[in-house]
Amino acid sequence: MTDLEVPTTQPTPGGKRRLWAPEKLAEFRTRLQALPPIEARRSLTQTEMIRALNKDIEALRKRGYGPSDICKALAELGFSISPNALAKITSGKRGKNPKAATKAAEAGPTKPGAAAPSA
């Protein structure tokens, strides 16, 4: 029994119910409201971590670090990323792969009789 519980002289039915003094309600509210917020506990993926570090990575670029240098520094922190992957993640571009779109355009029309893309 904690110091916040009201001692009872007889066990409650089933021994599961606890009784507290009504004046403890204000104290309980105060203690619960004083609890600090809990930060997100979900683990971040490598991509999410690198996106979150993007400003720091950009600062390294401005200080003269190249993609390979940045990847080596990230490797020391436990990341496993290539310069190309780093560029892709930090560029902020999402969506279709531009290389795939270029290859599709170079392949020509997919339906017979369709016009080929003009250059």
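Heavy-atom basis, side chains included; hydrogens, waters and symmetry copies ignored.
Pairs passing the salt bridge (charged side-chain N to carboxylate O under 4.0 Å, His left out) check and including a residue from residues 61-77, sequence neighbours excluded, read E58-R61.
Between the CD1 atom in I89 and the CD1 atom in I50 there is a gap of 4.5 Å [rounded to 0.5 Å]. One finds the CG atom of L53 at 10.0 Å from the CG atom of L60 (value rounded to the nearest 0.5 Å). Taken to the nearest 0.5 Å, the CE atom of M49 stands 13.0 Å off from the CG atom of N54.
Closest non-hydrogen pair, E48 versus L44, comes out as OE1-CA, 3.3 Å. Considering all non-hydrogen atoms of both residues, T90 and L86 come closest at OG1-O, 2.8 Å. The nearest pair of heavy atoms linking P67 to P83 is CB-CB, 3.8 Å.
Other residues sharing the hydrophobic cluster of L25, ordered by chain and number and joined by side-chain separations under 4.5 Å: none, the residue standing alone.
Contacts of T30 classified as side chain to side chain donor-acceptor pair (under 3.5 Å), with partners at least two apart in sequence or in another chain: none.
Within a 6.0 Å radius of CZ in F79, other residues, nucleotides and ligands contribute more than 12 heavy atoms.
No side-chain heavy atom of L35 sits under 4.5 Å from any side-chain heavy atom of R31.
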